[in-house]
Novice: 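Below are the structure tokens for one structure; questions will follow.
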Amino acid sequence: MTEPRDTAVAPETPVPVVDDNGHLIVNIGPSHPSTHGVCRVLVELDGEIVVKAEPIIGHLHRGIEKMAENRTYLQVVPLTDRLDYVGSMYANWAYCRAVERLAGIRVPERAEYIRVIVCELQRIASHMMAIGPAGADTGATSAFMYTFWQREMVVDLFEALCGARLTYNYVRPGGVASDLPDGWIERCRAFIAQHPAAMLEIDRFLFGNVIFRARTKGIGVLDAADAVAWGATGPVARGSGMSWDLRRDDPYSVYPRFDFDVPVGSRGDAYDRARVRVYEAVESCRIIGQALDGLAEFKPGDIMAEAMPRLLAPPPGDAYDHIESARGSLGVYLVSDGSVRPYRMKVRSPAFCNLALLPLLAEGHTLSDLVVILGSLDPVFGEVDR
Amino acid sequence: MNLNELREHLCATYPDLCPLFSVEFGDGVMQVASSGLHSAAADMKALGFDMLGMVTAVDFGEDFELIYRLRSREMRVGMIVRTRVPRGNPSVASVTDLWPAANWHEREVYDLFGITFEGHPDLRRILLPDDWVGHPLRKDYEDPGVIRRPDYL
Amino acid sequence: MTFVWGLLWGLGAVMLIAGGAVIGVWWERKVAGRIQLRLGPQQIGPAGSLQMLADVPKLLFKEDIVPDGADKPVFRYAPLAVFAPIAMAAAVIPFWAGWAPFDSTVGVLFFLAVPAIGVIGILLSAWGSHNTLSTIGGLRAAAQMISYEVPRSLSVLSIVVLAGSMRPVEIMDAWRWWWVPLTLVGFVIYFTASIAEMNRGPFDLPEAESELVAGYFADYSGFRWAIFMMGEYGAMIVASLFGAAVFLGGFRWLPGIAGFVVFIALATLVITAVMWIKWTFPRFRQDHLMTFCWTVLTPLALLQLVVAGVVSLWL
């Protein structure tokens, strides 16, 4: 039995400004322009050189896994929106896949195609939120606006689709919430037609810039062996040359039907991690184009599995399923006791695993590089802290 | 490699682990005793499971079930290693020496379930503040802020 | 009498900088907006030009927060030590043929030396805030401003060698149009080093928003913060006016009032270029910054000085 905590009494743990070795102790965060959310990094500095960087996470911990135990399976979907708030569609989909696996639901193909389309759009939106701030971390605020413009178009598409711009609650167990509205496919095609050119411009404007190259090349080098050992996934791992993408290597949904490449970096530095995302966004456009073509084969309106019960009560058991989110492999582990609520939900968050690399990568670099490295890991703290 | 081939491969290489293996929801599942967890994990790593995806736990009343999800890039299969630890003495050997990735995952399980990992280099709370009382993901955790929804909702 | 004139010119310089800052902020927001696919201010006044009239009272009425742990007298008066030297430097700029507010025989030296005192104000504000991020920002600023003094002074020196005088008014009299191509490298060095002196992007490491939040003035608010901003804009305006005068010829292109207009237009052009660079480039890193100063700018400035010296033999 545990005691309720008296939240009024939080003992002060004073952190000295200078430690015994004469190193300066600097708190980056929890409220800081470059922590991409509410992360606190306790940095030990020798001059400008980082001796030790320790991320202190949990400022955004809302106990979503605990809350899920108190809701029905359908009520959990909005909670998953709040995990990765830059890529809500992914958390929706990963959760729904786990539920579908647990309850043995077969999803109509049209719904799978729509899921692929929205998740690839989400990948673009999410990567724009990684590339732009990677520039902003080095002071290139204009690159941020250029990528945000692209993100804005995707968000507009999502708004037309489900009414929300950030927390979509669109992918539901058994299918998707609604079919594509009229004219949406044309708007989507118009977006993917202009997107590769815009990415090429970003590639020239930001990644070709001499100062940006000097700031990011050779910074925070993660070798492929470390990436594997630390469980890094997504662009962080691919930037290190680890060719690993669940869409290709553990195909789920209808991905085997599409032809796409997995861009891989070679040096594993902040530059490669950021640049891999540019090319992934272009590849996403290819997938979306093929999925939009394939969508024509299916009957409109066939977006939800047949005979979905109003209150889902999967048989007792457990299930794990994962998808490739913009940050890496996002998994959901569900345990059912046969009731209408999940007995346990665990989210395997890629941002959490990738952020664990920060102390390893930041050591020996300067304070300026620390924010570049943190930005290149692209953590979203809704997902890290859950 | 599919799961049947994995089973054959496993039984040929580690005959003592063979009876513990089963297949569920598309993953290999290995049920081991908590005392043999570390050696089984080391065997799994030697077998080619180079990535540790997650470590988590489930509260089943009298004991906790620990779940380790492993992944082999070469064989392209996933494997779940399960073990049970008693509620009275929730303790198990840490696998941080095999996969550094386990570091934060085990800290999280320690934080939310109160399971200790022997041999962990830095076992502290990670998501909750250091002075937090209790382990929220245990089923008997009580907090004035947690309101149980009525069953009809 | 001298004292009264000094007081008047001091006030004039403050007004010039304050007015320039008000227009400059609006202009910068418009320039930045165009560069960044947006419009900039547009609600208040035509094209948002009165936006600053709304912003200034806001800054004046904001609470003046002094942190508990700060060294209070130092914290309070440090902004003045940043602003005053820049206002002083404005006095030696030759605005008109044969006329500068403060016509000194060592005007160029005055212009180079006095703003450098500002680094003391920056160090004081950084130290007075008693904040680790501010302290790092202050130390960066000190290192950067002192280092960039060297190429900046050397580049101006080539003009001094050509004119044979350190008196800005005499330099303007001696100025010839072919000095522009001759000292182009010097002007680029002066321009770059001045950006570093005024802590603007891509040399804004001391206030590096993404690393140090706002660096040495992170803890300031309200009017004291506004003084820092005015100091930054003031440095930009003063450096651009001086550069437009001695390097680009200022009012010498056309006679009379038209010359003055050309001078202001040239200075505006330089200011716009400063903004353009800030909104286009990422930020340097401390070690790259120092390497750039000592291995690129300083040798080039010395080379320019040699060229100017050789040419001056035939003058």
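Below, chains carry the letters A, B, ... as their sequence lines are ordered, and counting in each starts from 1. All values below were derived from every heavy atom in this structure, side-chain atoms included, with hydrogens, water molecules and symmetry-related copies excluded.
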Novice: Considering only heavy atoms from C-beta outward, does the side chain of A:V347 approach that of B:M54 to under 4.5 Å?
Specialist: no
Novice: Considering only heavy atoms, which portion of B:A102 lies under 4.5 Å from any heavy atom of chain A: side chain, backbone, both, or neither?
Specialist: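 Contact with chain A: none, neither part.
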Novice: Locate the shortest heavy-atom distance separating A:K66 from B:K139; write the atom from each residue and the value.
Specialist: NZ-CA, 4.5 Å
Novice: Which atoms of A:S349 come close to chain B, meaning under 4.5 Å heavy atom to heavy atom: side chain ones, backbone ones, both, or neither?
Specialist: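 Nothing of A:S349, per the 4.5 Å heavy-atom cut-off to chain B.
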Novice: Around atom NZ of A:K52, are there more than 12 heavy atoms from other residues, nucleotides or ligands closer than 6.0 Å?
Specialist: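 At most 12 heavy atoms, drawn from other residues, nucleotides or ligands, come within 6.0 Å of this atom.
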Novice: B:L112 versus chain A, heavy atoms under 4.5 Å apart: side chain, backbone, both or neither?
Specialist: side chain
Novice: Check step by step if side chain to side chain donor-acceptor pair (under 3.5 Å) holds for A:S329 and B:R71.
Specialist: CA-CA 11 Å; A:S329 61; B:R71 181 137 205 116; over 6 Å; no
Novice: Check whether B:R125 gets within reach of chain A through its side chain, its backbone, both or neither, counting any heavy atom under 4.5 Å.
Specialist: neither
Novice: Evaluate side-chain contact (heavy atoms from CB on, under 4.5 Å) for B:W99 paired with A:V228, printing each intermediate quantity in order.
Specialist: CA-CA 9 Å; B:W99 297 279; A:V228 176; over 6 Å; no
Novice: Could you measure the distance from the CZ atom of A:R348 to the CD1 atom of B:I67? Nearest 0.5 Å is fine.
Specialist: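 So the gap between those two atoms works out to 15.0 Å.
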Novice: Using only non-hydrogen atoms and a strict under-4.5 angstrom cutoff, which residues of residues 244-254 of chain A touch chain B?
Specialist: A:W244, A:D249, A:D250
Novice: Of all of B:I126, B:L52, B:V55, which one pairs up most often with chain A through heavy atoms under 4.5 Å apart?
Specialist: B:I126
Novice: Tell me, side chain or backbone of B:L128 under 4.5 Å from chain A's heavy atoms, or both, or neither?
Specialist: side chain
Novice: Does the pair B:E65/A:K346 count as a salt bridge with the N-to-O cut at 4.0 Å?
Specialist: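 Salt bridge between B:E65 and A:K346, a charged N being under 4.0 Å from a carboxylate O: no.
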Novice: Hey, what do you get for CZ (A:R344) to CZ (B:F60), rounding to the nearest 0.5 Å?
Specialist: 10.0 Å
Novice: Using the rule given for side-chain contact (heavy atoms from CB on, under 4.5 Å), can you reason through A:F352 versus B:H105, listing the C-alpha separation, both sets of side-chain angles and the distance that settles it, and then say yes or no?
Specialist: CA-CA 9 Å; A:F352 180 83; B:H105 289 290; 4.0 Å; yes
Novice: State, to 0.1 Å, how close A:Y343 and B:D59 come at their nearest heavy-atom pair, and which atoms those are.
Specialist: OH-O, 2.5 Å
Novice: Using a strict 4.0 Å threshold on nitrogen-to-oxygen distance, state whether B:E108 and A:R386 make a salt bridge.
Specialist: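 Result for this pair is yes, salt bridge flagged.
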Novice: For residues B:P100 and A:A229, report the shortest heavy-atom separation together with the two atoms involved.
Specialist: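 In terms of heavy atoms, the two residues are closest at CD-O, 3.3 Å.
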Novice: Measuring heavy-atom distances to chain B, does A:V335 have an atom under 4.5 Å in its side chain, in its backbone, in both, or in neither?
Specialist: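 Contact with chain B is through the side chain of A:V335 alone.
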Novice: Between B:G53 and A:C353, which heavy-atom pair has the shortest distance, and what is it?
Specialist: O-SG, 4.2 Å
Novice: In sequence, state the C-alpha distance, the side-chain angles, and the governing distance for B:W104 and A:I57, and then conclude on side-chain contact (heavy atoms from CB on, under 4.5 Å).
Specialist: CA-CA 11 Å; B:W104 278 26; A:I57 61 171; 3.8 Å; yes
Novice: With a 4.5 angstrom heavy-atom cut-off, which part of A:L360 approaches chain B: side chain, backbone, both or neither?
Specialist: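 Neither part.
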